[in-house]
2 protein chains.
Amino acid sequence: MKRLDRKITLRDIATEAGLSTTAVSKVLNDKGSTSSETQERVKKIAERMGYRPNLVAKSLKDNCTKTIGLVVADSSHSFLGSVIKGAQEEAARFGYNIILANTNRNRETEKKAINLLLEKRIDGLLLASSMLIQKIDKPFLESLGIPYIFLVRRSEDKEDAFVGNDNIRGAFDMVEYLIKTGSKKIHFLNMDKSSTSSKDRLKGYIKAHENYHIPYDSRLVYNMRPEIEEGYTAMREILERGEKVETVFCGCDIIGIGAMEAILEKGLKIPEDIRICGYDDIEFAAYLRKPFTTMRQPKEIIGVKAIDLLLDRIQNVQEKPGVVMLKSELVVRQST
Amino acid sequence: MKRLDRKITLRDIATEAGLSTTAVSKVLNDKGSTSSETQERVKKIAERMGYRPNLVAKSLKDNCTKTIGLVVADSSHSFLGSVIKGAQEEAARFGYNIILANTNRNRETEKKAINLLLEKRIDGLLLASSMLIQKIDKPFLESLGIPYIFLVRRSEDKEDAFVGNDNIRGAFDMVEYLIKTGSKKIHFLNMDKSSTSSKDRLKGYIKAHENYHIPYDSRLVYNMRPEIEEGYTAMREILERGEKVETVFCGCDIIGIGAMEAILEKGLKIPEDIRICGYDDIEFAAYLRKPFTTMRQPKEIIGVKAIDLLLDRIQNVQEKPGVVMLKSELVVRQST
DNA sequence: GTGAAAGCGCTAACAC
DNA sequence: GTGTTAGCGCTTTCAC
């Protein structure tokens, strides 16, 4: 694959047309005033020579790259894949591009990635399921000098811009549904304590208990990383301990997949012996061994709204309210 | 979020240090010769002022952005999510970034995306499940003037660089397994005829039949888009027609999910009444109602190898062989 | 060991 | 309506 001859520049067109680069630039950008005769001629030449504006040069001049950094925990997780898609397509609508970085939930990887993005002069930053949500990370993020928005997982500083679903309400709705349909003792396989989403889902869980006068028992609540394996192990241990299990609310579908696995392995029936449900409605929740009751997060919309909010901050000085709480939707399937 | 004060430039550091920008540049890049005293001083100042090199300026000078375009059909599909992850992380290892674009399997969207990427001066292009695989698309791709590599879905021109799994062999292995374990009549719910992967999987399917002296019956082969819905509809129609179905090989797991749905809905048992299997081993194949026998594609490795090949072409003039065929692995689960 | 000058490709300000 | 100039931030000669 030989490197093709040098790219065509404005200067090449100018020479060809016997004009200045300025004139050509004006024509191609429909700015300033040029004779319609010139316009036609220049456009034709540009077309013929296969001219492509060099946005790197433009970026240098404008001090703006029309590029947004999107840092995600793991692009192979289908949940984040949808968020990425929503963000990328919405950005494209406005002529923006997305540079993607995976962090694997590692703080250092994430910081390094952000630093590189900043050197590439991204105009703004989206942090999806970021690890940099603590107070201690604020100085780093502020030092970036560009707008940034948290997605999916909220930062500890409630002033920070955020787009995601309302976890308190979502968890409340789910537990309320479980209670109303006969459950009294609800095990909760929640995500890590450190995660804000997990804290909020616990709040919703507790609130629903209070609301229906069911005493809250913290011994029913477990915390784990959102991995299939972890859900499996936790559920298995609970069952092997001989504990009476009636209903299991999983903090996310991934944990739910593992938990379901453990339940079925024990020869128990879903939902006859144990009712189980999750949160997120990942792509395959409907196609698990038992189609999964879950809260459907508006995944692509999260990406879309995040871009809208970010572009607003990039383009305007004044601030719109910075927290967008989208509603999740209860999807009832056979697992409950 | 007030736009922070202008970013620190080499000039700022130079002024502060009482040196020229040249000197500072040399220090910060460990090039040319500078006194160790100067080096230390400059580095300290840069550190203190929070200097971040402006890669846009460097790109303009170097005529190289250390950025790669990755065009995918749909980043929310878990298969491509893994490919993206592999590619992004491998690129990062070499200081490259990935700009991601979704095409939604639309030729025009894809072309438009590529054009924008080119204006941003990407150094190379990765096309994952591209629509631009026909002979007719070659001139467009060649006009880009940068190396490009097809991923996952191969282009019609066999000279084009490609990284993916060996579909002929994969399909052969699967069908061979089915035959050896007792299947004689194997329905094949393949993907669109237009797709190269689909053609190759059909070749493998036929080859295995020949190899085991089972007559090939084209009436058992169906083609459809890789959507759950399509697999469901196709399978349902076959069953409603009262056709005797013994074994179903699905061209991809997504189709398989739909087909399985239709089979179970009919009250048929898997694998007792019908054996069914797929291809790809998407994230959730193991957690379907019946864990799915499938061919595991080396998804992340595809991304990794593609970057390796692309960087090689970006950095060197001479060509390495341009086709990387990775082996897929048979994963036997309960559905067969 | 250090610096002045030129240039990457583009555009905005300002002549003419 | 068109051209000249300067400058975005960086690096690379080539002097000194």
Side-chain angles (χ1 to χ4, degrees), chain A residues 3 5-43 45-46 49-67 95 116 118-123 145, chain B residues 3 5-43 45-46 49-67 95 116 118-123 145:
Chain A
R3 207 57 66 257
D5 0 34
R6 196 178 49 76
K7 292 258 179 9
I8 304 300
T9 70
L10 275 192
R11 154 136 270 106
D12 297 322
I13 300 178
T15 309
E16 181 78 11
L19 288 167
S20 72
T21 57
T22 312
V24 176
S25 168
K26 280 178 183 155
V27 170
L28 264 24
N29 291 300
D30 286 318
K31 276 191 185 163
S33 48
T34 41
S35 76
S36 60
E37 187 271 331
T38 304
Q39 285 175 29
E40 205 170 319
R41 200 157 53 87
V42 167
K43 283 182 180 167
I45 296 178
M49 298 180 81
Y51 172 71
R52 290 178 201 271
N54 184 335
L55 294 184
V56 174
K58 190 163 159 46
S59 290
L60 181 58
K61 181 117 190 51
D62 296 352
N63 197 28
C64 130
T65 55
K66 289 228 169 198
T67 303
L116 181 52
L118 236 83
E119 297 186 354
K120 293 240 168 138
R121 292 298 190 264
I122 51 169
D123 296 337
Chain B
R3 207 59 64 258
D5 359 35
R6 197 179 48 77
K7 291 256 180 11
I8 304 299
T9 71
L10 274 193
R11 156 136 269 106
D12 297 322
I13 300 179
T15 309
E16 182 77 10
L19 288 167
S20 70
T21 57
T22 313
V24 176
S25 168
K26 279 178 183 155
V27 170
L28 264 25
N29 292 299
D30 286 318
K31 276 190 184 163
S33 47
T34 41
S35 76
S36 60
E37 188 270 333
T38 303
Q39 285 174 29
E40 205 171 319
R41 203 157 52 87
V42 167
K43 283 183 180 166
I45 296 178
M49 299 181 80
Y51 172 71
R52 289 177 201 271
N54 183 334
L55 261 29
V56 173
K58 190 164 157 47
S59 290
L60 181 58
K61 180 109 189 63
D62 296 353
N63 197 28
C64 131
T65 54
K66 290 228 169 199
T67 302
L116 181 53
L118 236 83
E119 297 186 353
K120 292 241 168 138
R121 292 299 190 264
I122 51 169
D123 296 336

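Naming: A, B, ... by sequence-line order, numbering from 1 per chain. What you see below is based on every heavy atom in this structure, not just the backbone, and it leaves out hydrogens, waters and symmetry mates. Here the structure is a predicted model, which is why all the values come from computation and not from measurement.
Rounded to 10°, the helix from C/dG1-D/dC16 to C/dC16-D/dG1 has 50° between the axis fitted to its first five pairs and the one fitted to its last five.
Looking at heavy-atom distances under 4.0 Å, B/Thr34 makes contact with sugar-phosphate atoms alone, never a base. B/Thr38 comes within contact range of the sugar-phosphate backbone alone, with a heavy-atom separation under 4.0 Å but no base atom that close.
Taking each heavy atom of B/Glu16 and B/Ile45 in turn, the nearest pair found is CG-CG2, 3.6 Å. Here the closest heavy-atom approach between residue B/Gly95 and residue B/Lys66 is recorded as O-CD, 3.7 Å. Smallest separation of non-hydrogen atoms from A/Lys7 and A/Asp12: O-OD2, 3.8 Å.
What separates CG of B/Asn54 from C1' of D/dG9 is a distance of 6 Å, to the nearest Å. Per the geometry, CG belonging to B/Asn63 stands 15 Å off C1' belonging to D/dT12, to the nearest Å. Rounded to whole Å, atom P of D/dT4 lies 12 Å from atom NZ of A/Lys26.
Here A/Ser59 pairs with nothing under the side-chain hydrogen bond (donor to acceptor under 3.5 Å, both in side chains) rule; sequence neighbours left out. Partners of A/Leu28 by side-chain contact (heavy atoms from CB on, under 4.5 Å), not counting sequence neighbours, listed by chain and number: A/Leu10, A/Ile13, A/Val24, A/Val42, A/Lys43, A/Ala46, A/Tyr51. Under the rule for a side-chain contact (heavy atoms from CB on, under 4.5 Å), the partners of A/Thr15 that lie at least two apart in sequence or sit in another chain are A/Arg11.
Using a distance-only test at 3.5 Å, with no hydrogens or angles considered, a donor-acceptor pair links the side chain of B/Arg41 to the main chain of B/Ala17. Side-chain atoms of A/Thr65 come within 3.5 Å of backbone atoms of A/Arg121 as a donor-acceptor pair (strictly under, hydrogens ignored).
Applying side chain to side chain contact (heavy atoms under 4.5 Å, CB included) to A/Val56 and the options B/Leu60, B/Leu55, B/Asp62 leaves one that passes, B/Leu60.
In this structure the side chain of B/Thr21 never reaches within 4.5 angstrom of the side chain of B/Thr9, judged on heavy atoms.
Less than 4.0 Å separates DNA chain D from at least one heavy atom of each of the following residues of residues 10-20 of chain A: A/Gly18, A/Leu19, A/Ser20.
OP1 or OP2 of D/dT11 has at least one side-chain nitrogen or oxygen of B/Ser25 nearer than 4.0 Å. The phosphate of D/dT11 has OP1 or OP2 within less than 4.0 Å of a side-chain N or O from B/Asn29.
Interface limits on DNA chain C: the 5'-most and 3'-most nucleotides within less than 4.0 Å of chain B heavy atoms are C/dG1 to C/dG9.
Comparing atom distances between the A/Ser35 side chain and each of D/dG9, D/dT2, D/dC8 picks out D/dT2 as nearest. Here D/dC10 is the nucleotide among D/dG1, D/dC10, D/dC14 with the atom lying nearest to any side-chain atom of B/Lys61. Among D/dT2, D/dT5, D/dT13, the nucleotide with an atom closest to any side-chain atom of B/Thr22 is D/dT13.
No side-chain N or O of B/Lys120 forms a donor-acceptor pair with one of B/Thr67 less than 3.5 Å apart.
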